[in-house]
Amino acid sequence: MEKEQAMASGAGLIYGLNDRPPLKETIFAALQHLLAIFVAIITPPLIIAGALKLDLETTGFLVSMALFASGVSTFIQCRRLGPVGCGLLCIQGTSFSFIGPIISAGLTGGLSAIFGACIVASSVEMVISRVLKYTRKVITPLVSGIVVTLIGMSLIKVGVSACGGGAVAQANGTFGALEHVGLAALVLVLIIFFNRSSNRYLRMSSIVIGLIVGYIVAWALGMVDFSSVQSYGGFNIPIPFRYGLSFDISSIIALALVYLITAIEAYGDITANSLISGEPVEGEKFVKRASGGILADGFNSMLAGVFNSFPNSIFAQNNGMIQLTGVASRYVGYFIAGFLILLGLFPAVGLVFSLMPEPVLGGATLLMFGTVAAAGIRIIAAQKIDRKATLVMALSFSFGLSVELVPDILSQLPEVLRNIFASGITTGGVTAILANLLIRIKE
């Protein structure tokens, strides 16, 4: 039945998975995908760099490496190298889910601790890809819904801080100034306005339009200083381990939990992509595809850490783009990968975006993070909410949000425990898994 449904879904496609569209149509489809993912790829490094108060050159390099790593990851997913990759038109990019734990790791041990934790913890997702059927009994849709909701709720704090002007404004006493809040509000209103448009191209590029207009207004207000950049030329050479490696056990544990949830999200995205592409969503072929996709998710995140970038995950928004364009050909993915790698190799791209004032970024991310929380609520709402589910949610949200709202509650704990449970995502996620396993209620 499911297989028939999958084939029916793919019936409306113009180009199927293994078709090769003409060059002009391939490039056009690739650019549309690029438009949908570009901002989402560069936003996490910009937020992390802002929170860690990194200099302009480092921020620009991290943005460039995020684009480069996403390009390499996308190629591996679409091409399928041995057992690694799903062989679908699956786009990978820097994941929002890891931002909270990464900032905590960076404040503890700098960039070397971040990349060390990203590389080591990625093994969790690779292991899950090999034992997929067992992990789904532990990480149920209720648990992943709770964690996704907590990821969105925890990140809203980061978005609001950016709207007020970020760390720079806090240091010079202008945090929450009218020009900062007004600029963030302008970007937010523009994104909502264009997102409600009936024109699909305006809707797809709503975030890009909001950021560009916000950037121009900020420049007109004298908030962008192009003179601080010495040169926009040159070529970025990806240097493995440029910032070194160090290993902090609490950071590794915090990131490992998010990798656990990312594996389950990747499974859902691959299922949706298979359905849209007219491929089977059950049976041996599908299980092999899903396992390969999750393995690639973990492997690509490890590779990203090697090249000084942050964990990658499959982007769900591209599934909507396949439906919109009617093009499911994985050969389009090779072009998307090529464009991303090219953009990452030229430092001018990273430097232009690293100059973006935090309120401009804050206006866009506030909406993005709210959307993440809403997606989590939607996952929860699709489950049967009985007494057990209510208890699991109550415990998880109470524990997760308490450490976010009152971090001093952990002040008397040993440092290792304090660092592990400082993230509401980790605390709430661990609580959700344990509560779901241990609470037994007979209705």
**Student:** Residues in side-chain hydrogen bond (donor to acceptor under 3.5 Å, both in side chains) with N436, at least two apart?
**Tutor:**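 Residues passing side-chain hydrogen bond (donor to acceptor under 3.5 Å, both in side chains) with N436: T140.
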**Student:** Enumerate the residue pairs fulfilling salt bridge (charged side-chain N to carboxylate O under 4.0 Å, His left out) with a member in residues 84-99, sequence neighbours excluded, ordered by first and then second residue.
**Tutor:**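 Salt bridge (charged side-chain N to carboxylate O under 4.0 Å, His left out) check on residues 84-99 returns no pairs.
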**Student:** Side chains of residues 97-115: which donor-acceptor pairs under 3.5 Å do they make with residues two or more places apart or in other chains?
**Tutor:**
unit_1: S104; atom_1: OG; unit_2: G100; atom_2: O; d: 3.3
unit_1: T108; atom_1: OG1; unit_2: S104; atom_2: O; d: 2.8
unit_1: S112; atom_1: OG; unit_2: G109; atom_2: O; d: 3.4
unit_1: S112; atom_1: OG; unit_2: S246; atom_2: OG; d: 2.9

**Student:** With sequence neighbours left out, write down each residue that passes ring-ring contact (aromatic ring centres under 6.0 Å, His included) with F335, or none if nothing qualifies.
**Tutor:**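 Testing F335 for ring-ring contact (aromatic ring centres under 6.0 Å, His included), a comparison that skips the adjacent residues, returns none.
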**Student:** Could you tell me which residues satisfy ring-ring contact (aromatic ring centres under 6.0 Å, His included) with F286, sequence neighbours excluded, listed by chain and number?
**Tutor:**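 In terms of ring-ring contact (aromatic ring centres under 6.0 Å, His included), with neighbours along the sequence ignored, F286 is linked to Y267.
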**Student:** Just wondering, are more than 12 heavy atoms of other shown residues or ligands nearer than 6.0 Å to CZ in F193?
**Tutor:**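 Atom CZ in F193 is not crowded, with 12 or fewer foreign heavy atoms closer than 6.0 Å.
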**Student:** Is there any salt bridge (charged side-chain N to carboxylate O under 4.0 Å, His left out) pair reaching into residues 240-258, and which pairs are they, with sequence neighbours excluded?
**Tutor:**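 Listed by first then second residue: E57-R242.
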**Student:** Return yes if some donor-acceptor pair links the side-chain N/O of E358 with the main-chain N/O of G166 below 3.5 Å, else return no.
**Tutor:**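 No, because the side chain of E358 does not come within donor-acceptor range (under 3.5 Å) of the backbone of G166.
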**Student:** About how many Å separate CD1 of I42 and OG of S70, when rounded to the nearest 0.5 Å?
**Tutor:**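 Rounded to the nearest 0.5 Å, the OG-CD1 separation comes to 11.0 Å.
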**Student:** Kindly state each residue pair satisfying ring pair (Phe, Tyr, Trp, His ring centres under 6.0 Å) with at least one member in residues 395-439, sequence neighbours excluded.
**Tutor:**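 Every pair satisfying ring pair (Phe, Tyr, Trp, His ring centres under 6.0 Å) with a residue in residues 395-439: there are none.
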**Student:** How would you list, by chain and number, every residue that makes a salt bridge (charged side-chain N to carboxylate O under 4.0 Å, His left out) with K288, sequence neighbours excluded?
**Tutor:**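 K288: no salt bridge (charged side-chain N to carboxylate O under 4.0 Å, His left out) contacts found.
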**Student:** With respect to F96, which candidate in F310, F315, F369 satisfies the ring-ring contact (aromatic ring centres under 6.0 Å, His included) definition?
**Tutor:**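 Only match with F96 under ring-ring contact (aromatic ring centres under 6.0 Å, His included): F369.
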**Student:** Between T26 (side chain) and V332 (backbone), is there a donor-acceptor pair under 3.5 Å?
**Tutor:**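 A pair under 3.5 Å: no.
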**Student:** Side-chain polar contacts of residues 119-127 - donor-acceptor pairs under 3.5 angstrom, sequence neighbours left out - could you list them?
**Tutor:**
unit_1: S122; atom_1: OG; unit_2: I119; atom_2: O; d: 2.6
unit_1: S123; atom_1: OG; unit_2: V120; atom_2: O; d: 2.7

**Student:** Output the distance between atom CD1 (I156) and atom OG (S161), rounded to the nearest 0.5 Å.
**Tutor:**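 Separation between the atoms: 13.5 Å.
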**Student:** Counting heavy atoms not belonging to I409, are there more than 12 under 6.0 Å from its CD1?
**Tutor:**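 Not more than 12 within 6.0 Å, no.
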**Student:** Keeping Q77 on the side-chain end and L88 on the backbone end, is there a donor-acceptor pair under 3.5 Å?
**Tutor:**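 Answer holds: no.
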**Student:** With sequence neighbours excluded, tell me which residues meet salt bridge (charged side-chain N to carboxylate O under 4.0 Å, His left out) with K53.
**Tutor:**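 With neighbours one apart ignored, the set is empty.
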**Student:** Check the pair L89, S329 against side-chain contact (heavy atoms from CB on, under 4.5 Å), reporting the backbone distance first and the verdict last.
**Tutor:** CA-CA 6 Å; L89 177 51; S329 168; 5.9 Å; no
**Student:** Using modelled atom types and a 3.5 Å cut-off, is there a donor and acceptor pairing between side-chain atoms of S154 and backbone atoms of I151?
**Tutor:**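 No, S154 side chain to I151 backbone: no donor-acceptor pair under 3.5 Å.
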**Student:** Is the number of heavy atoms from other residues, nucleotides or ligands within 6.0 Å of CZ (R378) greater than 12?
**Tutor:**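 Result for CZ/R378: open.
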**Student:** Answer yes or no: is there a side-chain heavy-atom contact under 4.5 Å between I322 and N273?
**Tutor:**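 I322 vs N273: side chains touch.
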**Student:** Quick one: ring-ring contact (aromatic ring centres under 6.0 Å, His included) partners of Y15, sequence neighbours excluded?
**Tutor:**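 ring-ring contact (aromatic ring centres under 6.0 Å, His included) check on Y15 returns nothing, list empty.
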**Student:** With sequence neighbours left out, what residues match Y243 under ring-ring contact (aromatic ring centres under 6.0 Å, His included)?
**Tutor:**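 Testing Y243 for ring-ring contact (aromatic ring centres under 6.0 Å, His included), a comparison that skips the adjacent residues, returns none.
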**Student:** For the side chain of S309 and the backbone of G305, is there at least one donor-acceptor N/O pair under 3.5 Å apart?
**Tutor:**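 Answer holds: no.
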